[in-house]
Undergrad: 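Following this message is one structure expressed as structure tokens.
Atoms within a ligand are numbered from 1 in the order they appear, just like the ligands themselves. When reading the values below, keep in mind they use all heavy atoms of this one structure, side chains included, and skip hydrogens, waters and symmetry mates.
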Amino acid sequence: MLESWGRYPKSKPSKVHNFWWLTDGLPHTNYPLLPHGQGRSYGDVCLNSGGTLVSTRLLNRFINFNKDTGVLRCEAGTTVADILKFSVPLGWFIPVTPGTKFVSIGGAIANDVHGKNHHIEGTIGRHILQFELLRSSGERLICSPSSNVELFKATIGGLGLTGLITWADIALRPVKGPYIQEESIKFQNLSEFFEISRSTDSKVEYTVAWLDCVASGANLGRGIFMRGDHSQRPAKRGDYYRESKLSVPFDLPNWALNNLSVSAFNFLYFNKQQTKVLNHTTHYEPFFYPLDAVRGWNKIYGKQGFLQFQCVVPFGNGSGEKAIQEILKAIVADGSASFLAVLKEFGDIPSPGMLSFPRAGITLCLDFAFRGERTMKLFKNLHSIVFANGGAIYPAKDACMTPEEFRMSFPAISDFTQHIDPAFSSEFWRRVGGGSL
Ligand SMILES: Cc1cc2nc3c(=O)[nH]c(=O)nc-3n(C[C@H](O)[C@H](O)[C@H](O)COP(=O)(O)OP(=O)(O)OC[C@H]3O[C@@H](n4cnc5c(N)ncnc54)[C@H](O)[C@@H]3O)c2cc1C
């Protein structure tokens with residue numbers, strides 16, 4: 001069964017169709033269709049109960065690379081990991097990367113993913129020069145900022161609903177080697193986070209903070225701020241790519257991740273850095289992909305799976321900061337713990353994507369084991385804080401926003417719906433009332 005990363009909700013497509021070659025056509029039965037990349041979305045954007053998932057796992061070849069300009073043409077199922085393995089030894093890096101390298105380029109475009117450099121580079125959609133879109137009519141359209149422009153904008157962040165991206169041209173960026181010059185700074189509370197974030201030179205390319213979301217009272221919002229730039233240091237003895245050697249072989253029982261174990265992890269993680277500031281050179285793998293070090297880490301939440309909450313709230317003269325504080329207080333009051341809690345300020349660089357999620361403001365991201373009604377109640381509460389402050393929820397991580405919340409998150413929805421392929425749909429789209437928008 002193809003699952004999403006959060007393993008919630010459970011879903012069964014009636015068919016999985018492997019798309020092998022660029023010249024393949026789309027199936028004509030078992031509608032609706034939905035493209036499926038690596039299933040690294042958490043909720044249900046990559047699920048299609050009762051319909052056909054068109055998997056791009058085998059559509060993963062490089063087509064062309066210009067080593068002078070760094071423009072790579074690859075099939076849509078090619079992963080960020082495939083690209084880095086090939087491009088870093090040649091002095092090129094992906095311009096925007098999410099927190100895992102196991103995502104396909106098609107999936108990254110369809111969610112218009114963002115990374116630690118959003119304030120400088122915006123989303124991946126800004127670095128996609130063109131792609132081919134296969135529609136259920138059999139048409140193959142080249143979409144770019146100058147050709148089929150509206151379809152280009154609808155497909156970036158288009159949640160797989162406008163057709164199947166078969167290949168894409170992506171502009172890589174030059175690097176001297178695989179290392180990052182990183183500085184980690186411990187902060188004791190949210191105000192200190194905002195001070196560091198705002199005083200960080202806007203030229204520092206990558207910024208993000210880990211939060212100890214179990215800490216309360218005077219320590220509410222304490223954490224570690226990480227910032228870094230590509231280092232000028234060349235690779236030592238072919239140290240371009242690191243494979244993860246650890247994996248979680250089976251589902252852990254439900255009780256394994258509880259408040260106690262998460263609190264202990266958070267305490268140790270916060271205190272492992274002895275000094276306030278730590279400077280060091282690190283490989284890009286632990287810097288961008290710490291979670292990829294353990295394959296199948298989603299099994300630690302057990303069979304019932306987990307939900308991720310990711311919101312953005314606009315700065316709004318300090319109201320954004322207050323909203324983040326309110327959200328953290330609600331989590332502490334609920335007694336729910338998350339070992340993964342990430343805080344970052346997004347920049348205001350616009351994306352070409354109509355339904356792109358990132359926008360100027362503060363984004364907060366947390367994982368919670370799925371515990372039925374209790375988790376749904378917590379999410380309802382967190383969503384109400386987000387929407388009372390003019391914020392939005394990220395579809396790539398979502399399994400429970402309401403149709404109304406979806407419309408509030410994406411004001412361009414009525415422009416977008418005109419570009420949907422009539423044979424395409426998803427579990428997410430049906431849940432947020434897509435058919436009636
Ligand atoms: C550990 C972890 C960290 C993450 N960190 C971040 C982060 O920092 N920033 C961020 O933005 N996201 C992040 N994500 C989310 C992830 O980057 C996105 O969900 C991404 O879209 C997943 O890509 P995928 O190949 O797995 O696509 P899937 O999850 O399989 O599909 C995602 C969407 O893309 C569509 N799609 C897939 N292939 C195609 C195609 N060829 N043509 C058209 N549509 C297609 C699907 O229909 C679906 O709607 C993270 C996920 C994990 C597991």
Side-chain angles (χ1 to χ4, degrees), residues 2-7 13 16 19 22 26 32-48 51-57 59-60 74-82 94 96-118 122-125 128 131-135 143 151 154-168 206 208 288-298 306 308 310 312 340 342 344 346 351 353 355-358 363 365 367 394-398 421 424-429 434:
L2 289 186
E3 294 184 310
S4 67
W5 192 246
R7 305 172 81 196
V16 177
F19 201 93
L22 287 176
L26 289 167
L33 310 176
L34 184 74
H36 188 91
Q38 293 286 317
R40 247 56 182 197
S41 301
Y42 282 73
D44 51 5
V45 280
C46 61
L47 300 179
N48 189 16
T52 299
L53 284 180
V54 182
S55 169
T56 62
R57 279 187 188 235
L59 193 68
N60 59 358
C74 61
E75 293 179 347
T78 308
T79 63
V80 168
D82 298 331
I94 187 109
V96 167
T97 178
T100 171
K101 61 182 189 274
F102 300 121
V103 298
S104 68
I105 285 303
I109 296 172
N111 274 323
D112 198 15
V113 300
H114 57 271
K116 293 180 170 74
N117 58 355
H118 181 267
T123 61
I124 192 99
I128 300 298
F131 52 78
E132 182 187 75
L133 190 69
L134 175 59
R135 304 271 285 182
C143 303
L151 210 42
T155 302
I156 293 176
L159 310 174
L161 299 167
T162 60
L164 180 82
I165 301 164
T166 58
W167 58 260
Y206 302 107
V208 76
F288 290 117
Y289 314 118
L291 292 167
D292 287 349
V294 183
R295 295 243 180 183
W297 63 263
N298 54 346
F306 66 110
Q308 188 163 93
Q310 185 171 358
V312 56
L340 184 124
V342 171
K344 166 158 180 71
F346 279 152
S351 160
L355 294 196
S356 187
F357 162 73
T363 187
C365 185
D367 284 350
Y394 189 13
K397 310 287 182 74
D398 175 64
D421 186 307
F424 281 58
S425 180
S426 69
E427 208 130 328
F428 172 86
W429 190 238

Undergrad: Check each atom of ligand 1 against the heavy atoms of G160 and keep those under 4.0 Å away; list them by number with element.
TA: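 The list of qualifying atoms is 35 (C), 44 (N), 47 (O), 49 (O).
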
Undergrad: Just so I know, are the side chains of F288 and Y206 near enough to count as touching, which here means a heavy-atom distance under 4.5 Å?
TA: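 F288 vs Y206: side chains touch.
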
Undergrad: Within less than 4.0 angstrom of ligand 1, does G163 place any heavy atom?
TA: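 Yes; G163 lies near enough to ligand 1 that a heavy-atom distance drops under 4.0 Å.
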
Undergrad: Is there any N or O on F102 that sits under 3.5 Å from an N or O of ligand 1?
TA: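 No - when backbone and side-chain N and O of F102 are compared with those of ligand 1, no distance drops under 3.5 Å.
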
Undergrad: Provide, to 0.1 Å, the distance between atom 24 (P) of ligand 1 and the closest protein heavy atom, together with that atom's residue and name.
TA: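 Among all protein heavy atoms, the one nearest atom 24 (P) of ligand 1 is Q38 N, 3.4 Å.
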
Undergrad: Do me a favour and list the nearest non-hydrogen protein atom to atom 8 (O) of ligand 1 with residue, atom name and distance?
TA: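 Checking every protein heavy atom, the shortest distance to atom 8 (O) of ligand 1 gives G99 N, 3.1 Å.
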
Undergrad: Please write down residue, atom name and distance for the protein heavy atom closest to atom 35 (C) of ligand 1.
TA: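 For atom 35 (C) of ligand 1, the nearest protein heavy atom is A110 CB, 3.4 Å.
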
Undergrad: Considering heavy atoms of the protein only, find what lies nearest to atom 42 (N) of ligand 1 and give residue, atom and distance to 0.1 Å.
TA: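 Going atom by atom, the protein heavy atom closest to atom 42 (N) of ligand 1 ends up being I165 N, 2.9 Å.
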
Undergrad: Please check whether G107 reaches ligand 1 - meaning an N/O of the residue sits under 3.5 Å from an N/O of the ligand, judged on distance alone.
TA: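 Right, the criterion is met.
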
Undergrad: Measure across L34 and C46 and return the closest heavy-atom pair with its distance rounded to 0.1 Å.
TA: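 Taking L34 first and C46 second, the nearest heavy atoms are CD2-C, 3.6 Å.
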
Undergrad: At under 4.0 Å between heavy atoms, which part of T56 makes contact with ligand 1: side chain, backbone, both or neither?
TA: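 Only the side chain of T56 comes within reach of ligand 1.
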
Undergrad: To check your reading of the model: name the closest protein heavy atom to atom 14 (N) of ligand 1, its residue, and the distance in Å.
TA: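 Nearest neighbour among protein heavy atoms for atom 14 (N) of ligand 1, to 0.1 Å: K397 CE, 3.6 Å.
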
Undergrad: In terms of ring plane angle, is the pair F306 and W297 parallel, tilted or perpendicular, where the classes change at 30° and 60°?
TA: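 Tilted, since the angle between the ring planes falls between 30° and 60°.
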
Undergrad: With a heavy-atom distance limit of 4.0 Å, tell me whether V103 approaches ligand 1 through its side chain, its backbone, both, or neither.
TA: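 The answer is both.
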
Undergrad: If I apply the N/O under 3.5 Å rule, does S104 come out as touching ligand 1?
TA: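 N/O-N/O distance below 3.5 Å exists for this pair.
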
Undergrad: Ligand 1 and G37, any nitrogen or oxygen pair closer than 3.5 angstrom?
TA: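 Among all N and O atoms of G37, at least one is under 3.5 Å from an N or O of ligand 1.
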
Undergrad: From atom 49 (O) of ligand 1, work out which of T97, T166, L47, L159 has a heavy atom at the shortest distance.
TA: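 Nearest option to atom 49 (O) of ligand 1, by heavy atoms: L159.
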
Undergrad: Should F131 and I105 be marked as a side-chain contact (heavy atoms from CB on, under 4.5 Å) after you check the CA-CA gap, both sets of side-chain angles, and the distance that decides it?
TA: CA-CA 11 Å; F131 52 78; I105 285 303; over 6 Å; no

Undergrad: Please name the pair of heavy atoms, one in I165 and one in G106, separated by the smallest distance, quoted to 0.1 Å.
TA: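 So the two residues come closest at CD1-O, 4.0 Å.
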
Undergrad: Can you check whether L164 has an N/O within less than 3.5 Å of an N/O in ligand 1?
TA: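 The answer is no, given that L164 and ligand 1 share no N or O pair closer than 3.5 Å.
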
Undergrad: Out of curiosity, is K116 lining ligand 1, as in a heavy atom under 4.0 Å away?
TA: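 It does not; every heavy atom stays at 4.0 Å or beyond.
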
Undergrad: Please state which part of A76 comes within less than 4.0 Å of ligand 1, counting heavy atoms only: side chain, backbone, both or neither.
TA: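 The answer is the side chain of A76.
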
Undergrad: Taking all atoms of both residues into account, what is the closest heavy-atom pair of S351 and I156, and its distance?
TA: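 For S351 versus I156, the nearest heavy atoms are OG-CG2, 4.1 Å.
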
Undergrad: Ignoring angles and geometry beyond distance, decide whether Y42 reaches within less than 3.5 Å of ligand 1 through its nitrogen or oxygen atoms.
TA: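 No; the residue has no nitrogen or oxygen that sits under 3.5 Å from a nitrogen or oxygen of the ligand.
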
Undergrad: Please report the interatomic distance CG(L133) to OG1(T166), rounded to the nearest 0.5 Å.
TA: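 It is 8.0 Å, given to the nearest 0.5 Å.
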
Undergrad: Heavy atoms only, cut-off 4.0 Å: how does L34 contact ligand 1, side chain, backbone, both, or neither?
TA: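 Near ligand 1, L34 shows its side chain, while the N, CA, C and O stay back.
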
Undergrad: Identify the two heavy atoms, one from F19 and one from L59, that lie closest to each other, and give their separation to 0.1 Å.
TA: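 Nearest heavy atoms, F19 then L59: O-CB, 3.6 Å.
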
Undergrad: For the residue pair H114 and F357, does the interplanar ring angle fall in the parallel (under 30°), tilted (30 to 60°) or perpendicular (over 60°) class?
TA: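 Tilted, since the angle between the ring planes falls between 30° and 60°.
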
Undergrad: Considering only non-hydrogen protein atoms, determine which one is nearest to atom 39 (C) of ligand 1 and report residue, atom name and distance to 0.1 Å.
TA: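 Answer, as residue, atom name and distance: P35 CB, 3.5 Å.
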
Undergrad: Report the C-alpha distance between D398 and Q310 in whole Å, list the side-chain angles of each, state the deciding distance to 0.1 Å, and finish with yes or no for side-chain contact (heavy atoms from CB on, under 4.5 Å).
TA: CA-CA 8 Å; D398 175 64; Q310 185 171 358; over 6 Å; no

Undergrad: Within the structure, is a non-hydrogen atom of F357 found at a distance of less than 4.0 Å from ligand 1?
TA: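 Judged by the 4.0 Å heavy-atom criterion, F357 does not count as contacting ligand 1.
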
Undergrad: Checking Q308 against D367: is there a side-chain donor and acceptor pair closer than 3.5 Å?
TA: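 Judged by distance alone, the side chains do pair up.
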
Undergrad: For the 3.5 Å polar cut-off, considering only N or O atoms, please tell me whether V45 and ligand 1 meet it.
TA: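 Yes.
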
Undergrad: Counting only heavy atoms closer than 4.0 Å, does ligand 1 sit against the backbone of Y289, its side chain, both, or neither?
TA: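 Contact part for Y289 vs ligand 1: neither.
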
Undergrad: Please state which protein non-hydrogen atom is closest to atom 31 (O) of ligand 1 and give its distance, to 0.1 Å?
TA: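 In this structure, atom 31 (O) of ligand 1 has C46 CB, 3.5 Å as its nearest protein heavy atom.
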
Undergrad: Relative to ligand 1, is Y394 under 4.0 angstrom through side chain, backbone, both or neither, heavy atoms considered?
TA: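 Side chain only.
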
Undergrad: When only distance counts, is H114 in polar contact with ligand 1, meaning an N/O pair under 3.5 Å?
TA: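 Yes, there is a polar N/O contact under 3.5 Å.
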
Undergrad: Please confirm whether W5 comes within less than 3.5 Å of ligand 1 when only nitrogen or oxygen atoms on both sides are compared.
TA: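 No, no N or O pair falls under 3.5 Å.
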
Undergrad: Any nitrogen or oxygen of G39 lying under 3.5 Å from a nitrogen or oxygen in ligand 1? Just yes or no.
TA: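 The answer is yes, given that G39 and ligand 1 share an N or O pair closer than 3.5 Å.
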
